[in-house]
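All values below were derived from every heavy atom in this structure, side-chain atoms included, with hydrogens, water molecules and symmetry-related copies excluded. Convention: sequence-line order gives letters A, B, ...; per-chain numbering from 1.
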There are 2 protein chains.
Amino acid sequence: MPPLTMTSSIKNKKFILASHPEGRVLPENFMLVEENLPPLRDNEVLIRHQWLSLDPYMRGRISPAKSYAQGVKIGDTMVGATVGVVEQSQSDKFQVGDVVLSATGWQLYGIANASQIMKVDASKVPSSAFVGILGMPGITAWTGLMNICEPKSGETVVVDAASGAVGAVVGQLAKIAGCRVVGIAGGAAKCEYVVKELGFDACVDHRSKTFAQDVTDALPAGIDCLFENVGGAIFELLLSKMNAFSRIALCGTVSEYNDDPYPNKVLRSILINRIKFQGFIVSDKLETWPGIREKLTELVIAGKLKFRESIAEGLEQAPQAFVGMLAGQNFGKQLVRISN
Amino acid sequence: MPPLTMTSSIKNKKFILASHPEGRVLPENFMLVEENLPPLRDNEVLIRHQWLSLDPYMRGRISPAKSYAQGVKIGDTMVGATVGVVEQSQSDKFQVGDVVLSATGWQLYGIANASQIMKVDASKVPSSAFVGILGMPGITAWTGLMNICEPKSGETVVVDAASGAVGAVVGQLAKIAGCRVVGIAGGAAKCEYVVKELGFDACVDHRSKTFAQDVTDALPAGIDCLFENVGGAIFELLLSKMNAFSRIALCGTVSEYNDDPYPNKVLRSILINRIKFQGFIVSDKLETWPGIREKLTELVIAGKLKFRESIAEGLEQAPQAFVGMLAGQNFGKQLVRISN
């Protein structure tokens, strides 16, 4: 067993939420406070934080609006992923000196139960990578791109916030998958970085006055996969370039996070509820029709499926019946009887 | 071989598109014309139409705007599915008297190649069913509900235009699948029909002044599957009731079809491009993280994935760095160095 330790002699500093932001977040929404740390309980470790990750999702956590996760309340320590060094341990699983990934937030020290932290091997990659490319942002990029977009070699993949922690990984993974990759980023320096350093095929600067035309020029074959981080006007423009049977992985709408209420209800709901929203045209899969028709026929003959018809008499009535149907005046399937 | 026949003695009447509608469709957008039918060519059949199906998709076909299918041009015969009786045949595959499903449009007679029509068995179900519950509308209902929504027993399924050709089948199939089914329809008669005749659990009349409250009352457990036919304000209200991990099969937006341009660009694009649009939160599938992290680590160590960090120095800088990140001032993953 590790020796009994007294954490109460250690002064901690931490940021608590002082107020919910109204619109744009201000530094004054957070307050720095000092405290003496309590003694460790069984199975707890004391972590000296080295790195704190700041991520756009935190904007949602400090809003009083409903989101997918429990919000931070006034007076709570701000949430966040950290990497740090174990300074004291009441757990058999962690030794002083271990480097661990934790979710202990905006503070100098964190106390966590051993079940809530993970030891990382920082011998081959810098420890900060475990809250970046090997942490939530990198895994987010992989999940949205590989599991939702499912890009095929030769397809065009677009990602906005392309130089960000998520976007940069999305684009590089898409290149590895054999895709043409176009990034959207703010400013020439970020665009140059994603093309020259990360190997994207092109990048469009959304701060340029010729943005709309530049997007069109960069996408001669439209978009097959859109990894969406931004929302707002950028999303609307990209949406107009989507190809048939394309996929959108909706990861965030950072351009809208400071607006209250969120301007695009469709995006907001799809995101926070993880909705799968899919358009379909039944004639795309004519090969499925015989099998489905057979099942429906069985149900109709068995009396398990009922149907009702609205009948217009004679070809001459077709235009009026069509106009009426669009106004909801039909009741059941609209037919025109042409002959007996 | 069937005998050589002369169709030129038969007078046909048909509706052609006279003008593209501007906003609301009017009967005057169509013109009735007469013609002598040409003689049949090899492999063609002459069909006397019994039934013409009228469907909302036709509104898109007569618009000059881009859609998923080739539009009807001025002077073209209006498109539409028909059921009819073969009157003459130059094909070995069809005999005079056969009942066939065809796509020969708004006219008394249709001439079609044998490869484009299908013989149907109207001995157990009325022939009109083949353009309704056993045709495109029924197969549409099955496809969207079973293949996109994938309802599970006990879930809540909502369908709007519930008494229509598609909606009525959606609701009944969802009941067979063990779901709670709530319809949205226009007027008390349609609502009564879907509950009493079709067996829906509830129906809400969208023409009622208490519609929003009625929807809330009818959906105590929210919506797991939405089969969307209507769009507009009804869709916006239903969207606000969606549950986490819910699914929307977007089949149509009939309330918007007479508007030009389409008011909801997101819906319109998802529909005509058959986009799969999916929101996701990476923390939903924590069990996938170790495997993904391992793959990312390999790529980082191999030098195939690069990353860049924006570092704020010291805990005190966290609020300002967070505010800056939301404004796009970071360049790469935003970190705060807490200690060395």
Chain B interface, residue from Val282(A), Leu299(A), Val169(A) that has the most non-hydrogen pairs under 4.5 Å: Val282(A)

Let me know if Val131(A) has heavy atoms under 4.5 Å from chain B in its side chain, its backbone, both or neither. both

For Glu236(A), is there any backbone N or O sitting under 3.5 Å from a side-chain donor or acceptor partner on Lys265(B)? no

Less than 4.5 Å to any heavy atom of chain A: does that hold for the side chain of Val266(B), its backbone, both, or neither? both

Select one option (side chain, backbone, both, neither) describing which atoms of Ala81(B) are under 4.5 Å from chain A's heavy atoms. neither

Note: Leu296(A) and Ile139(B) closest approach over all heavy atoms is CD1-N, 3.9 Å

Go through the atoms of Val166(B) and report whether side chain, backbone, both or neither lie under 4.5 Å from a heavy atom of chain A. neither

Met58(A), part contacting chain B, at a heavy-atom distance under 4.5 Å: both

Side chain, backbone, both or neither: which part of Phe245(B) has a heavy atom under 4.5 Å from chain A? both

Looking at Gly84(B), Gly144(B), Cys149(B), which makes the most heavy-atom pairs under 4.5 Å with chain A? Gly144(B)

Relative to chain A, which segment of Pro137(B) carries a heavy atom at a distance below 4.5 Å: side chain, backbone, both, or neither? side chain

Turns out that what part of Ala189(A) lies under 4.5 Å from chain B's heavy atoms comes down to both

Counting heavy-atom pairs under 4.5 Å with chain B, the top scorer among Lys175(A), Lys304(A), Lys295(A) is Lys295(A)

Might you point out which heavy atoms bring Arg207(A) and Gly187(A) nearest each other, and give the distance in Å? CD-N, 4.2 Å

Choice from Val254(B), Ile281(B), Ile301(B), Leu239(B) maximising heavy atom contacts with chain A below 4.5 Å: Ile281(B)

Max heavy-atom pair count under 4.5 Å with chain B, selected residue of Phe235(A), Phe130(A), Phe322(A): Phe322(A)

Determine whether Ile275(B) and Leu250(B) make a side-chain contact, defined as any pair of heavy atoms from C-beta on separated by less than 4.5 Å. no

Given that the side chain runs from C-beta out, which part of Met146(B) has a heavy atom under 4.5 Å from chain A: side chain, backbone, both or neither? neither

Show the nearest heavy-atom pair for residues Asn243(B) and Ser246(B), with the distance to one decimal. O-OG, 2.6 Å

In terms of heavy-atom pairs under 4.5 Å with chain B, which of Lys124(A), Glu316(A), Lys190(A) leads? Lys190(A)

Do Pro21(B) and Asn29(B) have side chains that approach each other closer than 4.5 Å (heavy atoms only, starting at C-beta)? yes

Side chain, backbone, both or neither: which part of Thr140(B) has a heavy atom under 4.5 Å from chain A? both

Contacting moiety of Glu228(B), where chain A heavy atoms sit under 4.5 Å: neither

Find the one option among Leu315(A), Thr143(A), Val323(A), Leu271(A) whose heavy-atom pairs under 4.5 Å with chain B are most numerous. Leu315(A)

Name the region of Gln317(B), side chain, backbone, both or neither, that has any atom closer than 4.5 Å to a heavy atom of chain A. neither

In terms of heavy-atom proximity below 4.5 Å to chain A, should Lys14(B) be classed as side chain, backbone, both, or neither? backbone

Could you tell me which portion of Pro290(B) (side chain, backbone, both or neither) has an atom closer than 4.5 angstrom to a non-hydrogen atom of chain A? neither

Heavy-atom side-chain proximity of Arg293(A) to Leu101(B) below 4.5 angstrom: yes

Does any backbone or side-chain atom of Met325(A) lie under 4.5 Å from a heavy atom of chain B? Answer side chain, backbone, both or neither. side chain

Contact between Thr297(B) and Val300(B) at the side-chain level, heavy atoms closer than 4.5 Å - yes or no? no

Between the side chain of Gln172(B) and the main-chain N/O of Lys306(A), is any donor-acceptor distance below 3.5 Å? yes

Answer with side chain, backbone, both or neither: which region of Leu32(A) has an atom nearer than 4.5 Å to a non-hydrogen atom of chain B? side chain

Most contacts with chain A, counted as non-hydrogen pairs under 4.5 angstrom, among Ile311(B), Val83(B), Asn147(B): Ile311(B)

Who among Ser163(B), Gly138(B), Ala129(B) has the most heavy-atom pairs with chain A under 4.5 Å? Ser163(B)

List the atom pairs, with distances to 0.1 Å, where a side-chain N or O of residues 330-339 of chain A and a protein N or O form a donor-acceptor pair under 3.5 Å, not counting sequence neighbours.
unit_1, atom_1, unit_2, atom_2, d
Asn330(A), ND2, Gly332(A), O, 3.0
Lys333(A), NZ, Ser53(B), OG, 2.7
Lys333(A), NZ, Leu54(B), O, 3.1
Lys333(A), NZ, Asp55(B), OD1, 3.1
Gln334(A), NE2, Ser310(A), O, 3.1
Arg337(A), NE, Glu313(A), OE1, 2.9
Arg337(A), NE, Glu313(A), OE2, 3.3
Arg337(A), NH2, Glu313(A), OE2, 3.1
Ser339(A), OG, Arg48(B), NH1, 2.9
Ser339(A), OG, His49(B), O, 2.6

Ranked by heavy-atom pairs below 4.5 Å to chain A, first place among Val25(B), Asn340(B), Ile270(B), Ile133(B) goes to Ile133(B)

If you count heavy-atom pairs within less than 4.5 Å of chain B, which of Trp51(A), Phe307(A), Phe30(A) leads? Trp51(A)

Closer than 3.5 angstrom, by distance alone: can the side chain of Arg247(A) be matched with the main-chain N or O of Glu150(A) as a donor-acceptor pair? yes

Side chain, backbone, both or neither: which part of Leu226(B) has a heavy atom under 4.5 Å from chain A? neither

What part of Ser269(A) is in contact with chain B, defined as an atom under 4.5 angstrom from a non-hydrogen atom: side chain, backbone, both or neither? side chain

Less than 4.5 Å to any heavy atom of chain B: does that hold for the side chain of Glu309(A), its backbone, both, or neither? side chain

Checking heavy atoms, do the side chain of Ile62(B), its backbone, both or neither come under 4.5 Å from chain A? side chain

For the residue pair Phe277(A) and Leu267(B), establish whether any side-chain heavy-atom pair is separated by less than 4.5 Å. yes

